[in-house]
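Below is one structure; the comments refer to it alone.
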Amino acid sequence: MDKAAPTSRSADFSFADLQQSKAERLADRIYENLFHAIVTGMITAGTKLPSENVLAGEFDVSRPVLREALDKLREDGLISSVRGSGNYVQNALGASRERTSGGDDDRDALERIGDMLNGIELRLIVEPQAAYLAAKRRGPADIERLREALDRFSEAMHTNAIMHYHDYAFHEAVAIATCNPRIVKTLKSLEYDVSRSVTLMRFLVKFQPLVRAEAVQAEHEEIFRHIEAGAATKAKRAMRNHIEHARTRMMNSRPGF
């Protein structure tokens, strides 16, 4: 009796799916970059964005990928298109008030907030222990990687540049210092929870990015000092405090907090 041919899921596989996934990830990165620049005032209301060709060249992506990012910004009310002229930046706070006035937008906002808070809860489980292990296992290359992330964050803060990628780079460097690739992989799965926490700014009527960035920098520096010194318990406590503070900052709209 002939054996049945082994079944395989490869027949359902398409490399096009991989290409689409990669494109979506690139579009997300461009969206986050431009979103952060708009809501923090780096690109002011009324500014005309460069042409699609220029932006695609700046981000080194195809025009379809760029258009996906621009579509998301348009859906958020952060840019508008003028036929024959181009894309213009809208008032970020005005857009947030319009989009949180009721109905489906409120429900969507609550779902996004809940999803990000769930991500922070997972980070509270994973990252303090990662900092503990990093302090135990870090080597010279790890210290250098952490220091570079801190310096880049500081430079971006003082030049009014995009900061949240350097924020994630620091947390990734802590994970790498654990010498546990599964922890690194877990943190990578949370990358957009780290960067997308900034999207809650659209629901806050008062936001002071410099004040909050300075607080983040100080907390990162404390974590770094403990990891560099091999003080594992202190590093763990500092990381937990940092993420708790991040959750509070994300939900608090009081000026100066």
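Side-chain atoms are counted along with the backbone in the values below, which use heavy atoms only and exclude waters and symmetry mates. Start at 1 with the first residue, then count along the sequence.
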Step-by-step salt bridge (charged side-chain N to carboxylate O under 4.0 Å, His left out) determination, Asp151 to Arg147 = CA-CA 6 Å; Asp151 290 344; Arg147 185 71 259 171; 3.2 Å; yes
Going through the distances and angles, do Glu148 and Arg152 end up as a salt bridge (charged side-chain N to carboxylate O under 4.0 Å, His left out)?
-> CA-CA 6 Å; Glu148 181 180 3; Arg152 287 184 179 276; 3.2 Å; yes
Check the pair Phe170 / Ile223 against side-chain contact (heavy atoms from CB on, under 4.5 Å), numbers first and verdict last.
-> CA-CA 10 Å; Phe170 176 79; Ile223 295 166; 4.0 Å; yes
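Nearest heavy-atom pair across Arg123 and Pro128 is O-CD, 3.3 Å. Of all heavy-atom pairs spanning Ala229 and Arg138, the tightest one is C-NH2, 4.0 Å. Contact detail for Thr178 and Ala130: the closest heavy-atom pair is CG2-O, 3.2 Å. Contact detail for Ala27 and Ala69: the closest heavy-atom pair is O-CB, 3.5 Å. Shown here for Ala235 and Ile227, the closest heavy-atom pair between the two residues is CB-CG1, 4.0 Å. The two residues Val216 and Phe153 come nearest to each other via the heavy atoms CG1-CZ, 3.8 Å.
Sorted by first and then second residue, the salt bridge (Lys or Arg N to Asp or Glu O under 4.0 Å) pairs involving residues 233-244 (not counting sequence neighbours) are Arg240-Glu244, Glu244-Arg247.
Here the straight-line distance linking atom CG of Leu55 with atom CG of Leu34 works out to 6.5 Å at 0.5 Å rounding. If you take CG on Leu66 and CG on Asp60, they are separated by 12.0 Å, rounding to the nearest 0.5 Å. Between the OG1 atom of Thr186 and the CD1 atom of Ile125 there is a distance of 11.0 Å, given to the nearest 0.5 Å. Once rounded to the nearest 0.5 Å, the distance linking CG of Leu133 with NZ of Lys136 reads 9.0 Å. Atom CG of Leu73 is separated from atom CG of Asn87 by 9.0 Å, given to the nearest 0.5 angstrom. Rounding to the nearest 0.5 Å gives a distance of 10.0 Å between CD of Glu219 and CG of Asp167.
Between Thr233 and Tyr132 the shortest side-chain heavy-atom distance falls below 4.5 Å. A heavy-atom distance below 4.5 Å is found between the side chains of Tyr168 and Leu187.
Judged purely by atom type and a 3.5 angstrom limit, Ser154 has no side-chain atom pairing as donor or acceptor with the backbone of Leu150. One N or O on the side chain of His245 and one on the backbone of Asn241 form a donor-acceptor pair closer than 3.5 Å.
In this structure, Leu49 is a member of the same hydrophobic cluster as Leu26, with clusters built from ILVMFWY side-chain heavy atoms closer than 4.5 Å. Hydrophobic clustering, with ILVMFWY side chains joined whenever heavy atoms are under 4.5 angstrom apart, keeps Ile176 apart from Val174. Under a hydrophobic clustering in which Ile, Leu, Val, Met, Phe, Trp and Tyr are joined whenever their side-chain heavy atoms come within less than 4.5 Å, directly or via other members, Val184 and Ile243 fall into different clusters.
Judged by distance alone, the side chains of Asn180 and Arg137 never bring a donor and an acceptor atom under 3.5 Å apart.
Ring pair His171/His220 is perpendicular by interplanar angle, where above 60° counts as perpendicular and below 30° as parallel.
Around the CD atom of Glu221, the shell of radius 6.0 Å holds more than 12 heavy atoms that belong to other residues, nucleotides or ligands.
Val54 belongs to no hydrophobic cluster, as no Ile, Leu, Val, Met, Phe, Trp or Tyr side chain comes under 4.5 Å of its own.
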